[in-house]
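The next block holds one structure in the form of structure tokens; read it before the comments.
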Amino acid sequence: MSKVYKIGVIGGDGIGPEIIREGVKVLKSVSEVCNFKLEFIEYDFGGERYLKTGETLPDSAIEEFKKLDAIYLGAVGHPDVAPGILEKGILLKIRFELDQYINLRPVKLYPGVETPLKNKKPEDIDYVVVRENTEGLYCGIGGNFKKGTSDEIALQLSINTKKGVERCIKYAFELTKERNKKKTLTVVDKANVLTYEGDLWRRTAMELSKDYPDIKLDFAFVDATCMWMVKNPEWFDVIVTNNMFGDIITDLGAITQGGLGIAAGGNINPIGVSMFEPIHGSAPKYAGKNIACPLATISAGGMMLENLGEKEAAKLIEKSIIKALSEGYIKSLEAGKMGMTTSQVGDLIAKFVKEIK
Ligand code: IPM
Ligand code: MN
């Protein structure tokens, strides 16, 4: 009997529903040739629902999510909802409540894709950022004091626990070992200024490195890392960093791999329910036009299958994306410039996964 996976699908806002539809299309197609089944359970969480009901994501939904095999998310963010409400109320709530403590973001330039980095080729841009996903400045601890007066104070705390840092760096070491490429793990921090958290991260990395004698451990400051990601991306294999730095450097990484149209990520709980999403947002200006690039979402679907253990299916999706890009089927990753519609890109990849198999 073939395996059945229960996947929660949250289209969300803006272009979210359109791109997730194409992702689901590709996943269904690949499941048909790889002998497993996917059962999709759709949820309407997002800006529209919030505007109608005042609800972002009820606790009961979290309990339901715990029974799933994975979650597939489009995007959240609505022009009529104040910043922070949907992000914290839906996206961050899922990451935190399901303890998805790793945000895995590959930075990989595919053949046929243009990078803004001069003279860099696919073999130069192929690394993974392991972003801590449940702590740091994202913990939401802080507040305002004497708000609106000239004595106003705003406090935003960065929490770094030994447990949180350790499990994140350990994951990164394991990933470096599994990739078996440059065997280099770079810890990215700001240990020259943020000395307390920097010390915890560096000390923990050095302790763990004793268990990984074949892996070279490097340290780099986040500001310099931004420069090297542009100048010498070929130096990197696996980067591990805190939540805030990881957020910032992965947008930079995304543009070096051709843009947000292709960059995918996974919010991973290695022993629980993980969530996969494109790293771009809801792009309201492109919504409903069938012009947004669904490749980041399709690629996130591939990461989901990889994580579920369906390695062959994940490879088929990646190979199909590479074929579509390197053979010129898709002209650009920018919305409206792909030379085909969002749904045509989905059709194409759904067809390729079957042909390549
Ligand atoms: C991301 C996004 C989110 C983050 C926002 C929408 C809360 O920028 O996934 O990178 O900051 O983590
Ligand atoms: Mn971000």
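First listed ligand is number 1; within each ligand, the first listed atom is number 1.
- Between the side chain of Asn243 and the backbone N or O of Glu135 there is at least one donor-acceptor pair closer than 3.5 Å.
- A salt bridge links Asp126 with Arg179: the distance from a Lys NZ or Arg NE/NH1/NH2 to an Asp or Glu carboxylate oxygen falls below 4.0 Å.
- Close approach of ligand 1 to Arg95 (heavy-atom distance below 4.0 Å) involves ligand atoms 1 (C), 4 (C), 9 (O), 12 (O).
- Residue Glu87 has no nitrogen or oxygen atom sitting less than 3.5 Å from a nitrogen or oxygen atom of ligand 1, judged on distance alone.
- The closest protein non-hydrogen atom to atom 10 (O) of ligand 1 is Asp247 OD1, 2.9 Å.
- Between the side chain of Gln100 and the backbone N or O of Val273, at least one donor-acceptor pair lies under 3.5 Å.
- The local environment of NZ in Lys120 is crowded, with over 12 non-hydrogen atoms from other residues, nucleotides or ligands closer than 6.0 Å.
- Taken to the nearest 0.5 Å, the OH atom of Tyr286 stands 12.5 Å off from the CD atom of Glu18.
- Close N/O approach between Arg131 and ligand 1 is found [any backbone or side-chain N/O within under 3.5 Å].
- In Met244, neither the side chain nor the backbone holds a heavy atom less than 4.0 Å from any atom of ligand 1.
- Using modelled atom types, no side-chain atom of Lys147 and backbone atom of Gly143 make a donor-acceptor pair closer than 3.5 Å.
- Ranking protein heavy atoms by distance to atom 3 (C) of ligand 1, first place goes to Leu91 CD2, 4.0 Å.
- Nearest heavy atom pair, residue Ile90 against residue Gly46, reads CD1-N, 3.6 Å.
- For a threshold of 3.5 Å applied to N or O pairs, the pair formed by Glu277 and ligand 1 contains no separation below that value.
- Using cut-offs of 30° and 60° for the angle between ring planes, the Phe65 and Phe45 rings count as perpendicular.
- Only protein N, O or S atoms were scored, and 1 of them lie under 2.8 Å from the Mn ion (ligand 2).
- Here the heavy atom of the protein found nearest to atom 1 (C) of ligand 1 is Arg105 NH2, 3.3 Å.
- Outside the 6.0 Å centre-distance limit, the rings of Tyr101 and Tyr171 are not counted as a close aromatic pair.
- When only non-hydrogen protein atoms are considered, atom 11 (O) of ligand 1 lies nearest to Tyr138 OH, 2.5 Å.
- Under the 3.5 Å distance criterion, with hydrogens and angles disregarded, no donor-acceptor pair is assigned to the side chains of Glu152 and Ser150.
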